[in-house]
Number of protein chains: 2
Amino acid sequence: MADEALSAGAVARRLGVAVTTLRTWHQRYGLGPSEHVPGHHRRYTPADLARLETMRRLTANGVAPAEAARWAVQAPDTGPPGAGVGAGKRSARDGGGATIPVGRSGPAARGLARSAMRLDSNAINEVIDRAIRTDGVVTTWDTLLRPVLAGIGERHVATAALIEVEHLVSRCVSEAFAAVVRAHAPDGPPRLLLSCADEEQHSLPLEALGAALAEAGIAHRLLGARVPVRALLEAVNRTGPAAVVLWSQTRSTADPAQLTALLTGPQRPLLVFAAGPGWRAGSLPAGVVRPVDLAEALSLAAAVRDSLDQSAAG
Amino acid sequence: MADEALSAGAVARRLGVAVTTLRTWHQRYGLGPSEHVPGHHRRYTPADLARLETMRRLTANGVAPAEAARWAVQAPDTGPPGAGVGAGKRSARDGGGATIPVGRSGPAARGLARSAMRLDSNAINEVIDRAIRTDGVVTTWDTLLRPVLAGIGERHVATAALIEVEHLVSRCVSEAFAAVVRAHAPDGPPRLLLSCADEEQHSLPLEALGAALAEAGIAHRLLGARVPVRALLEAVNRTGPAAVVLWSQTRSTADPAQLTALLTGPQRPLLVFAAGPGWRAGSLPAGVVRPVDLAEALSLAAAVRDSLDQSAAG
DNA sequence: TACGAGTTGCGTCGATTCATGCGTCGAATT
DNA sequence: AATTCGACGCATGAATCGACGCAACTCGTA
């Protein structure tokens, strides 16, 4: 670690705020140099600077300063500031429709596919539950459920068959996620709102995120599929979440106007996540964070975890 | 400083009610911050919040707000004996406001409606689970869930609002039924196939039937919504069920040809049920049984099971 | 079965309170 | 000499307050 210790003025200039504000943030929110003896000059380490960067970015997104400071204090790095997202690698696009739709996704996937073809919901449930219990929600989703569902989906659009299989598996997956959410008691008021974009009917990925959040002890609200913009704004207005995750599976449902409506809504500004492969990186309004996969969405949401809402300060 | 001095907005968001409602509760029932000078902002201490939590819990169970407030003021963490669906004395009148019309469906229905308006999925789950545990699936469906869902639906078609509420409640109901199915281990191979009619997207009644069947120890398969005729025949052909229940919610999805196709298929099931209000009694092909409600469908299915057992034993 | 009375949640409006960023000042630090 | 420190104060926009009213629902009654 470079032991560079930035002075208050340097930090203030870098952040674009006044020196006095730094002092104010320190004494009001405790957001200052980690080691500081009263009366002496403040020396900001890179870690302190990172905290202040988080504070600046959150406040720039409209988060109330008191709340933003709380997040910044306990979660130094809440993800990329928006620049690094564009370099998102196109993740595995499992091309090639082979005879076995799951490809090389492991034996569990093959077993699941077989149970699905047999319409054996008990076996499906058993496989999914065990995978979740063993590997957790994220891994199960990425390495088991998504491949199988993608395989069924490809086959379905190609052959116009397997519709009943797709429905059954979707139901089982949904139920498994719901069971995870039910098993983990929520530890506080839900400050996270998950919703599908307008006309978007694929809610399973969002349910996966919800289950992963529950697994991590993070409370949330999940609205479901096909949420019109008006209904979404209504829900935001009513519950006032700290962050909203809007899922879009396909390009046709990824209308950036929905994000803009969220950011300019009557309710207080908030963090907005644009999740799902539908969104185009270039056309997103400013202030929208775009996680590339489930794991990143989870870690981003974790930054909001322990923030008990209280806008009062003493 | 008291690190827990919640502002009015924060509390309102946490409870899922409007800020105005909080003020109303204060001046109508005296349910407010313990220390509050008129004109100043309200600061809710944890004790005050606990009181409001009690208020929320009681109203979620259908207690009239005035009475719930009386309880919450004097006993922050106690409640009246939580009773089942039909219980509860009607001591106080129950008003309206921004809620869902449930008519005379009992206090639990009103509590569920209030929780739904608050988008409080935890409270919704709690109410539903307890009702199912106390009164069983059939009674819960007929006297609690269906009235509330019908109320939401009516208001939804009239006002084009409450879509998010409808989705949330539907999800919770679906999850509750799924939990019932999971909790009761199936005792044999499923000889019963439940499926929605083609284009039919309301699968909740079928899920209710599925949960009731599971509760009675009858194994079944549930395909889900929007099952094309070809997919249904495919599933019947593959699994060879003894009976098939085909659900149709509205007249537009009740094509009798689907029933005829079932009866003339190669793997002809022993019995075909045409369930749901969509079917017209006159236009059903011969050999199709039409249960009028959930209870009748359940008893018919039980009869099928028993006859199968007898034939297997003999 | 229709209607009035009682209840309840919440929107609106003008006034007030509060949180926040920053300027200023005398003393201390580098 | 150049900053920075701690303390205080100020301007401003957001949040809230109190009051009022409205629409909707339930229930008792005719």
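Since the structure is predicted, the reported quantities are computational estimates derived from the model, not experimental observations. Chain letters run A, B, ... following the sequence lines, proteins first and then strands; every chain starts at 1.
- Near DNA chain D, meaning a heavy atom under 4.0 Å from it, residues 31-40 of chain A has A/H36, A/P38, A/G39, A/H40 in order of number.
- Between B/R130 and the choices B/D135, B/T140, B/N61, the side chain to side chain donor-acceptor pair (under 3.5 Å) rule is met once, by B/N61.
- When each of B/V102 and A/R42 is assigned the nucleotide of DNA chain D bearing its nearest heavy atom, the one mapping closer to the 5' terminus is A/R42.
- With no hydrogens or angles considered, no side-chain donor-acceptor pair links B/D120 and B/S115 at under 3.5 Å.
- Atom CG of B/L162 and atom P of D/dA23 are 18 Å apart (whole Å).
- Proximity of a side-chain donor or acceptor of A/W279 to a complementary backbone N or O of A/A275 within less than 3.5 Å is detected.
- Side-chain nitrogen and oxygen atoms of A/R23 include at least one within less than 4.0 Å of the OP1 or OP2 phosphate oxygen of D/dC5.
- A 6.0 Å sphere centred on CD of A/Q27 holds more than 12 heavy atoms belonging to other residues, nucleotides or ligands.
- Spacing between atom NE2 of A/H41 and atom C1' of D/dA2 amounts to 10 Å, rounded to whole angstrom units.
- Between the side chain of B/D48 and the backbone N or O of B/S34, at least one donor-acceptor pair lies under 3.5 Å.
- One end of the helix from C/dT1-D/dA30 to C/dT30-D/dA1 points its axis 40° away from the other end's axis, with each axis taken from 5 pairs and the angle rounded to 10°.
- The pair A/E234-A/R230 fails the salt-bridge criterion, with no side-chain N (NZ, NE, NH1 or NH2) lying under 4.0 Å from an Asp/Glu carboxylate O.
- By the 4.0 Å N-to-carboxylate-O rule, B/R114 lies close enough to B/D94 to be salt-bridged with it.
- Few gaps surround CD on B/E296; more than 12 heavy atoms of other groups in view lie less than 6.0 Å from it.
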Pick out the pairs of N or O atoms, protein on one side and nucleotides 8-10 of chain C on the other, that lie under 3.5 Å.
unit_1, atom_1, unit_2, atom_2, d
C/dT8, OP1, B/A66, N, 2.9
C/dT8, OP2, B/Y29, OH, 3.0
C/dT8, O5', B/Y29, OH, 3.4
C/dT8, O2, B/G97, N, 3.1
C/dG9, OP1, B/R114, NH1, 3.3
C/dG9, OP2, B/W25, NE1, 2.9
C/dG9, N7, B/R28, NH1, 3.3
C/dG9, O6, B/R28, NH2, 3.4
C/dC10, OP2, B/A18, N, 3.2
C/dC10, OP2, B/T21, OG1, 2.3
C/dC10, N4, B/T24, OG1, 3.2

